[in-house]
Structure formats: C-alpha cells, structure tokens
Trainee: 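My structure is below; once you've seen it, I'll send some questions.
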Amino acid sequence: MSKKANSFQTPIGTRDIQADDSARRRALSTIFAEEAALAGYGELETPIFEDIGVFQRIGEGTDVVRKEMYEFTDKGDRRMALRPEGTAAVCRAFVQQRPTTPWKVWYQGPFFRYEAPQAGRYRQFSQIGTEVLGSADADVDVEVIALASRVINRVGLSRVLLVINSIGEPEDRRNYVEVLREYLEGQMDQLDPADRDKVATHPLRVLDSKKAATRSVVDGAPVITDFLSAESRAHFDRVQEGLGALGIPFAIEPRLVRGLDYYSGTTFEFQASALEAAQNTICGGGRYNGLVEQLGGPPTPGIGFAMGVDRLLLACDAEGTFPAPDRQVEVWVVDVTDGASARDLTHLLRASGIAADRSFDSRSMRSQMKAADRSGAALAVIIGDQELADDMVAIRRLREISDQILVPRSEMVDRVRSMLPEPA
RNA sequence: GUGGCCGUAGCUCAGUUGGUUAGAGCGCCGGGUUGUGAUCCCGGAGGCCGGGGGUUCGAGUCCCCUCGGCCACCCCA
C-alpha cells in the first residue's frame with residue numbers, strides 16, 4: 001500500500017524477498033547447481049543488460065521484444081535493454097567467446113519484463129536454465145529434459161506433466177503454417193474475435209488460445225506432426241525413445257507452440273497441475289537451430305530450457321513440498337553483565353562453526369531468555385555477575401524443562417558441542 | 001494495454017442506515033519483588049482509516065480523481 005508521499009516502495013511487479021523465501025531460493029539454486037554439475041554443465045554469468053539488438057533477435061514479432069522490454073539509452077548513447085530472457089544472451093556469449101562444442105552451460109538470475117503483474121508473473125522475476133550449443137543430437141534433447149526433470153523431482157514436485165512437441169525445421173513449419181492458416185481462414189467466424197487477427201500474423205499462436213470457441217476450431221485443425229520432414233520425424237522419435245528409456249513420463253501435445261520465434265524442432269514444457277493459476281508452466285524450452293547464426297555466429301544448433309523460479313516455488317507451495325530450510329541458530333548467549341561476554345562468546349562459537357546469536361541493548365534476563373526461546377536455539381549460554389567473577393558459564397537446555405550446568409568458560413565450546421543434537 | 005475485486009496499527013481483520021477521544025487478535029516492549037524462557041496475568045508503544053478533491057453541521061463510512069495491491073485477459077517462465 002502506498003504510504004506517505006516522502007516514502008518509497010518497491011516498483012510495480014517487484015518485491016523484497018526476505019529470510020525464509022530467500023533461503024528457499026538458495027536451496028533450490030544449490031540443487032540445480034548440483035544436478036547441472038553432475039551432468040557436466042558449467043555456470044555462465046552474463047550481464048543483466050546488453051545491447052538491445054541481442055534480445056531483438058528472439059523475435060521481432062513477439063510481445064517480449066515489442067512491448068515488454070526495459071529499454072534505456074546509456075550515457076554513451078547506446079541502446080541497451082535489461083535482459084528479458086536468457087537464451088539470446090547465452091548465444092551472444094557463444095559467438096563472442098567461441099568455446100569448444102558441445103558447450104553446456106547453466107545460468108540463474110533476475111530477468112525483466114514490463115507486464116501487468118499477476119499470480120506467478122512479476123516484472124523482475126527469477127529463472128534458472130541451461131543451454132547446450134553445438135550439437136544437433138537428439139540425445140542432447142533427452143539429456144536437457146532429464147536435467148529439468150531431476151530438479152523438479154528433487155524439490156518434491158509430483159503433480160507435474162511433461163508435454164513435448166516438434167515444430168519442425170523452418171521449411172516444415174512454413175508448409176504447416178500455410179495449411180493451418182488456410183484452415184483457420186475458412187473458420188474465421190467460428191474463432192473467438194480476440195484471436196482473429198492472429199491468423200494473419202501468428203497463426204501458430206491461435207493453437208494455444210484459451211478461448212472456448214477457438215479451442216473447438218483448433219481441435220479439428222491439422223497438426224504439425226503430420227508435416228515434419230523425415231529427418232525431423234526421426235529426431236523427434238529418437239527423443240521420445242530416449243525419454244522412455246530413462247523412465248521420464250511425457251505426453252505429446254501437437255498444439256504446444258512456444259512464444260519465442262527462435263524455436264524449431266523439439267519444444268517442451270513442464271506444467272504443474274497443482275497450480276490453478278493461469279501461469280502453470282514452470283519450465284519451458286526447446287531447440288533453436290538458427291539463433292546463433294542470427295547473432296553473427298556460425299550455423300550452430302542449440303537447445304535449452306528456463307525454469308521460472310517463482311512459479312516453481314508456487315507449485316511447491318500448492319503441493320506442500322520443499323519447505324524453507326531451517327535457519328535456526330544453535331546457541332543463544334545471554335549476558336546480563338555488560339555484554340562483553342556475549343560479544344566475545346558468540347564470536348568464539350561462530351569461529352568454532354556453531355551458529356550463535358544474542359540480544360543487544362542490555363535487555364533484562366527475562367527478555368533475553370524469551371529471545372533465546374523464540375530463536376529456536378537448543379541451548380542458552382548464560383553469564384551473570386557470578387559466572388563472570390568465577391570465570392564460568394551456565395549452559396541450559398531450552399525447549400524442555402531442565403537444570404543448567406556450570407562449566408569453566410574455557411570449556412564452553414566443547415561442552416556446547418557435546419550437548420548439541422547431531423546435525424541432520 | 002483491457003477488465004473485475006480490494007486498500008483501517010508491523011501482520012490478519014472488525015468498524016452497525018455517515019454522528020462524540022478508531023477497535024480486536026497476533027506480534028513487539030515492559031512488569032508480576034532483587035539473575036532464567038516456552039503457559040498464565042497486568043501494563044505500554046504503535047494508525048492524518050493509501051493520497052488528493054468534493055457532498056455534508058459532521059466522512060474510515062457517500063461521490064470523483066489518483067496511486068497501489070490481488071486476480072483474469074493478453075503474453076510467457
């Protein structure tokens with residue numbers, strides 16, 4: 001909500017992500033990094049902003065470049081844009097660095113799209129993804145899909161559907177689009193009015209319309225899979241065979257078209273059925289065999305996917321899985337003298353690898369004990385005037401009724417360690 | 001960009017047909033005899049009722065504008 005005129009809040013569609021949420025995101029990114037490393041992928045960091053031309057290559061006709069980019073002119077009069085997605089930047093990096101192929105990378109970070117926010121959609125959002133450049137082998141498609149699948153399984157998501165399709169090579173698609181357009185033009189008056197002008201500009205987009213009227217027309221439409229060349233067909237068959245061999249369930253969806261113009265060949269999406277919301281695609285990707293060339297590189301096949309972190313976590317919430325990790329401290333140091341002991345002992349505990357915290361501002365013992373209890377710490381280390389004078393500390397178990405023990409200050413770390421429960 | 005719903009304490013909300021100093025729960029701070037928590041009891045801080053304008057003797061309550069939030073379309077992760 002808007003506050004006083006002289007205060008600020010996050011821009012529309014952005015938010016502050018605090019402790020529990022950020023810890024969860026870090027955990028997800030750790031899982032992803034592990035799986036990527038197991039499959040031989042290295043992390044690639046590209047700039048948050050690039051020359052706007054890099055992103056314009058993802059499709060002059062797409063909304064993403066037409067009206068959703070955060071564009072600006074820098075002080076050197078260069079036209080720049082905040083990155084709206086990851087693939088184009090990875091291809092730019094490939095062209096610039098010319099690594100040996102196959103080049104297998106993964107990336108993570110914030111992306112930006114100027115859209116009206118809604119469930120699972122923000123202006124600054126977070127994606128984790130991979131790209132493989134330089135191999136047209138269908139087994140790469142399988143490997144990439146398997147990686148996404150592994151991550152989805154590891155966060156505990158079970159109600160997820162993998163749908164795949166092949167939209168063929170450009171020639172296949174041109175033939176298909178021609179037939180599709182003819183079909184749609186013949187049924188123009190049956191289509192939902194909102195979809196009619198797409199027939200001329202983006203007939204493929206009509207296929208995934210949500211309008212009931214349009215859907216019934218689309219149900220009878222010719223399917224792309226009937227227009228694939230023998231080569232595309234064989235590739236797609238090999239992908240299906242591979243997924244079957246790895247035990248990854250999937251469904252073929254001939255109407256699955258993806259929104260970015262650079263896609264060709266295999267396309268796929270993981271859809272979370274736990275999400276009632278309109279944004280149930282938690283991961284989407286596919287092949288793009290012409291993008292590197294468009295960015296000034298040699299003809300190079302590529303494939304990759306992007307996972308929407310925000311949506312993935314929404315799906316986890318809906319399934320009640322992947323809770324935020326514990327970030328409780330193990331020991332709370334209560335010091336009712338002048339705070340110097342708390343200062344020194346928390347430092348000592350931390351240096352010994354034990355998570356420790358304390359109260360500040362000379363709170364009363366009662367207040368400090370309350371804080372200790374609330375913190376979730378298993379133990380309280382207590383120092384009063386008596387302990388200080390005797391060079392001792394009291395250690396008390398929290399979260400249960402117990403007596404406290406008195407130990408020499410020099411033995412504190414060892415005693416604390418022995419009283420702490422085994423790390424999980 | 002279009003449409004629907006909504007905007008009262010840090011959080012979740014209540015505020016009767018417009019009527020005196022705007023409430024609750026949770027949270028926070030302090031206290032319940034001098035140094036001990038999670039229960040209980042007492043007390044306290046904290047709101048120009050998102051902002052601006054209007055109607056009225058009087059507006060958190062009605063009207064307009066604006067900003068913001070949520071959701072949907074569109075698009076996409």
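As the structure is a computational prediction, the values presented were derived from the model and not from experiment. Atom set for the values below is all heavy atoms of this structure, side chains included, hydrogens, waters and symmetry mates excluded. In the text below, chain A, chain B and the rest are named by the order of the sequence lines, each starting its count at 1.
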Trainee: Checking only heavy atoms, does the side chain of Glu115(A) share a donor-acceptor pair with the base of rG1(B) at less than 3.5 Å?
Mentor: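 When only heavy-atom distances are counted, Glu115(A) does not reach the base of rG1(B) through any donor-acceptor pair under 3.5 Å.
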Trainee: Using the P atoms only, state how far rG58(B) lies from rU21(B), rounded to an integer number of Å.
Mentor: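 To the nearest whole Å, 15 Å.
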Trainee: When the P atoms of rG68(B) and rG51(B) are compared, how many Å lie between them, rounded to an integer?
Mentor: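 Those two atoms are separated by 15 Å.
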Trainee: Under a 4.0 Å N-O cut-off, is there an ion pair linking Asp63(A) with Arg66(A)?
Mentor: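 Here Asp63(A) pairs with Arg66(A) in a salt bridge, since their nearest N and O are under 4.0 Å apart.
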Trainee: By nearest heavy atom, map Gly120(A) and Thr10(A) onto RNA chain B; which one lands nearer the 5' end?
Mentor: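 The residue closer to the strand's 5' end, by nearest nucleotide, is Thr10(A).
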Trainee: If I pick the P atom on rA45(B) and the same atom on rG7(B), what distance separates them, to the nearest angstrom?
Mentor: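 These two P atoms come out 28 Å apart once rounded.
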Trainee: Rounded to whole Å, how long is the line connecting atom CG of Asp195(A) with atom P of rC73(B)?
Mentor: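 So the two atoms are 12 Å apart, to the nearest Å.
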Trainee: Identify which nucleotide among rA38(B), rA72(B), rU36(B) has an atom closest to any side-chain atom of Asp373(A), counting heavy atoms from C-beta outward.
Mentor: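 For Asp373(A), the side-chain atoms sit closest to rA38(B).
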Trainee: Kindly list each side-chain donor-acceptor pair under 3.5 angstrom involving residues 40-47 of chain A, sequence neighbours excluded, with atom names and distances?
Mentor:
from     : atom 1 : to        : atom 2 : distance (Å)
Tyr41(A) : OH     : Glu143(A) : OE2    : 2.7
Glu43(A) : OE2    : Gln108(A) : NE2    : 3.3
Thr46(A) : OG1    : Arg83(A)  : NH1    : 3.4

Trainee: Taking atom P in both rG54(B) and rC71(B), compute the distance separating them and give it to the nearest angstrom.
Mentor: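 It comes out at 35 Å once rounded to the nearest Å.
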Trainee: Thinking salt bridges, do Lys210(A) and Asp195(A) make one under a 4.0 Å N-O criterion?
Mentor: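 Salt bridge between Lys210(A) and Asp195(A), a charged N being under 4.0 Å from a carboxylate O: no.
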Trainee: Taking any heavy-atom pair under 4.0 Å as a contact, classify Arg396(A): base, sugar-phosphate, or nothing.
Mentor: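 Arg396(A): base contact, heavy atoms under 4.0 Å.
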Trainee: Which value, rounded to the nearest 0.5 Å, describes the distance between Ile395(A) atom CD1 and Ile405(A) atom CD1?
Mentor: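 The CD1 atom of Ile405(A) is 4.5 Å from CD1 of Ile395(A), to the nearest 0.5 Å.
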Trainee: Looking only at side-chain atoms of Phe125(A), point me to the closest of rC75(B), rA77(B), rG35(B).
Mentor: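 Per side-chain heavy atoms of Phe125(A), the pick is rA77(B).
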Trainee: Thr300(A): what forms a side chain to side chain contact (heavy atoms under 4.5 Å, CB included) with it, not counting sequence neighbours?
Mentor: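 Side chain to side chain contact (heavy atoms under 4.5 Å, CB included) check on Thr300(A) returns Phe94(A), Leu133(A), Val292(A), Pro298(A).
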Trainee: Distance between the P atoms of rC76(B) and rG4(B), in whole angstroms?
Mentor: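 Between the two P atoms, the distance is 25 Å.
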Trainee: Below 4.0 angstrom, which residues in residues 306-319 of chain A have at least one non-hydrogen atom near RNA chain B?
Mentor: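 Result for residues 306-319 of chain A: Ala306(A), Gly308(A), Arg311(A), sorted by number.
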Trainee: Using the C1' atoms only, state how far rC70(B) lies from rG32(B), rounded to an integer number of Å.
Mentor: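 Going atom to atom, C1' in each nucleotide, I get 45 Å.
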Trainee: Sequence neighbours excluded, which residues qualify as side chain to side chain donor-acceptor pair (under 3.5 Å) partners of Arg215(A)?
Mentor: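 Expected list: none.
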Trainee: Measure distances between side-chain N and O atoms of Gln368(A) and base N and O atoms of rU36(B), and say whether any donor-acceptor pair falls under 3.5 Å.
Mentor: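 Absent.
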Trainee: So, the side chain of Arg57(A) versus the backbone of Gly53(A): is there a donor-acceptor pair under 3.5 Å, distance only?
Mentor: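 A pair under 3.5 Å: yes.
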Trainee: Mind running a 4.0 Å heavy-atom check of residues 11-18 of chain A against RNA chain B and sending the residues that fall below it, in number order?
Mentor: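 By residue number: Ile12(A), Gly13(A).
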Trainee: Which residue pairs pass the side chain to side chain donor-acceptor pair (under 3.5 Å) test when at least one of the two sits in residues 406-420 of chain A, sequence neighbours left out?
Mentor: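 Only Ser341(A)-Arg409(A) qualify under side chain to side chain donor-acceptor pair (under 3.5 Å).
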Trainee: What residues form a side chain to side chain donor-acceptor pair (under 3.5 Å) with Gln240(A), not counting sequence neighbours?
Mentor: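 With sequence neighbours excluded, Gln240(A) shows a side chain to side chain donor-acceptor pair (under 3.5 Å) to no residue whatsoever.
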Trainee: Assess, by modelled atom type and distance only, whether the side chains of Asp141(A) and Thr266(A) contain a donor and an acceptor separated by less than 3.5 Å.
Mentor: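 Short answer, yes.
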Trainee: Could you give the NZ-to-P distance, from Lys211(A) to rA72(B), as a whole number of Å?
Mentor: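 Atom NZ in Lys211(A) sits about 13 Å away from atom P in rA72(B).
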Trainee: In whole Å, I'd like the distance from the NZ atom of Lys198(A) to the P atom of rC76(B).
Mentor: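 So the NZ-P distance, Lys198(A) to rC76(B), works out to 9 Å.
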Trainee: First locate atom OG of Ser166(A), then atom CG of Leu228(A), and finally report the distance between them rounded to the nearest 0.5 Å.
Mentor: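 That separation rounds to 4.5 Å.
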Trainee: Hey, does Gln271(A) reach any base, or is it just sugar-phosphate, or nothing, if we go heavy atoms under 4.0 Å?
Mentor: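 The residue Gln271(A) makes no contact with any strand.
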Trainee: Any donor-acceptor pair under 3.5 Å joining the side chain of Arg121(A) to the base of rC74(B)?
Mentor: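 Flag set: donor-acceptor pair detected.
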Trainee: If you compare every side-chain N and O of Lys210(A) against the phosphate oxygens of rC73(B) (OP1, OP2), does one of them come in below 4.0 Å?
Mentor: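 So the side chain of Lys210(A) is within the cut-off, an N or O lying under 4.0 Å from OP1 or OP2 of rC73(B).
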Trainee: Looking for any heavy atom pair under 4.0 Å, which part of the strands does Gly285(A) touch: base, sugar-phosphate only, or nothing?
Mentor: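 Nothing: the residue Gly285(A), judged by heavy atoms under 4.0 Å, touches no strand.
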Trainee: Can you find a heavy atom in the side chain of Arg196(A) that is under 4.5 Å from one in the side chain of Leu191(A)?
Mentor: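 Yes, at least one pair of side-chain atoms sits under 4.5 Å.
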Trainee: Just checking Gln386(A): base, sugar-phosphate only, or nothing, at a heavy-atom cut-off of under 4.0 Å?
Mentor: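 Gln386(A): base contact, heavy atoms under 4.0 Å.
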Trainee: Provide the distance between the two P atoms, one in rC65(B) and one in rU16(B), to the nearest whole Å.
Mentor: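 Their P atoms lie roughly 24 Å apart.
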Trainee: Expressed as a whole number of angstroms, how long is the span from Met369(A):CE to rU39(B):P?
Mentor: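 After rounding, the gap between these two atoms is 13 Å.
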Trainee: Can you list the residues that meet the side chain to side chain contact (heavy atoms under 4.5 Å, CB included) rule with Glu85(A), with sequence neighbours excluded?
Mentor: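 Counting only residues at least two positions away or on another chain, Glu85(A) forms a side chain to side chain contact (heavy atoms under 4.5 Å, CB included) with Ile58(A), Thr87(A), Ala88(A), Arg113(A), Leu260(A), Tyr262(A).
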Trainee: Can you see if the side chain of Gln118(A) gets near the phosphate of rA72(B) - specifically, an N or O under 4.0 Å from OP1 or OP2?
Mentor: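 Indeed, a polar side-chain atom of Gln118(A) lies that close.
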Trainee: How many Å lie between CD on Gln9(A) and P on rG51(B), as a whole number?
Mentor: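 Spelled out: CD on Gln9(A) to P on rG51(B) is 13 Å.
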Trainee: Reckon Ala371(A) touches a base, only the sugar-phosphate, or nothing at all at heavy-atom distances under 4.0 Å?
Mentor: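 Answer is nothing: Ala371(A) stays at 4.0 Å or more from every strand.
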Trainee: Please measure how far the C1' atom in rG1(B) lies from the corresponding atom in rC74(B), and state the result in whole Å.
Mentor: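 The answer is 9 Å between these two C1' atoms.
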Trainee: Sequence neighbours left out, what passes side chain to side chain donor-acceptor pair (under 3.5 Å) with Asp357(A)? Give chain and number order.
Mentor: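 Partners of Asp357(A) under the side chain to side chain donor-acceptor pair (under 3.5 Å) test: none.
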Trainee: Please tabulate, one pair per line, each protein N/O and nucleotide N/O from nucleotides 28-30 of chain B that are separated by under 3.5 Å, including the distance.
Mentor:
from    : atom 1 : to        : atom 2 : distance (Å)
rC28(B) : OP1    : Arg374(A) : NE     : 3.0
rC28(B) : OP1    : Arg374(A) : NH1    : 3.4
rG30(B) : OP2    : Ser367(A) : OG     : 3.3

Trainee: Is a side-chain donor or acceptor of Glu115(A) paired with a backbone partner of Pro117(A) at a separation under 3.5 angstrom?
Mentor: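 Such a contact is absent between Glu115(A) side chain and Pro117(A) backbone.
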Trainee: Between the side chains of Thr10(A) and Arg15(A), does any donor sit under 3.5 Å from an acceptor?
Mentor: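 There is no such pair between these side chains.
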Trainee: Tell me, which stems hold RNA chain B, with a stem being 3 or more Watson-Crick or G-U pairs in a row and both distances under 3.5 Å?
Mentor: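 If one scans RNA chain B for consecutive Watson-Crick or G-U pairs, the stems found are B:1-7 with B:67-73, B:10-13 with B:23-26, B:28-32 with B:40-44, B:50-54 with B:62-66.
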Trainee: When we call it a touch if two heavy atoms are under 4.0 Å apart, what does Gln404(A) touch: a base, just sugar-phosphate, or nothing?
Mentor: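 Gln404(A): base contact, heavy atoms under 4.0 Å.
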Trainee: To the nearest angstrom, how far is Glu131(A) atom CD from rA77(B) atom P?
Mentor: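 After rounding, the reported distance stands at 11 Å.
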Trainee: For a quick check of understanding: with a heavy-atom distance under 4.0 Å over all strands, which category does Leu398(A) fall into, base, sugar-phosphate or nothing?
Mentor: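 Answer is base: heavy atoms of Leu398(A) come under 4.0 Å of a base.
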Trainee: Can you tell me the distance, in whole Å, between the CG atom of Asn280(A) and the P atom of rC73(B)?
Mentor: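 Distance check: Asn280(A) CG to rC73(B) P gives 11 Å.
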Trainee: Could you list all the side chain to side chain donor-acceptor pair (under 3.5 Å) pairs where at least one residue sits in residues 174-193 of chain A, not counting sequence neighbours?
Mentor: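 Sorted pair list comes back empty.
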Trainee: Between Gln279(A) (CD) and rC74(B) (C1'), how many Å, whole number?
Mentor: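 Those two atoms, CD and C1', are 10 Å apart.
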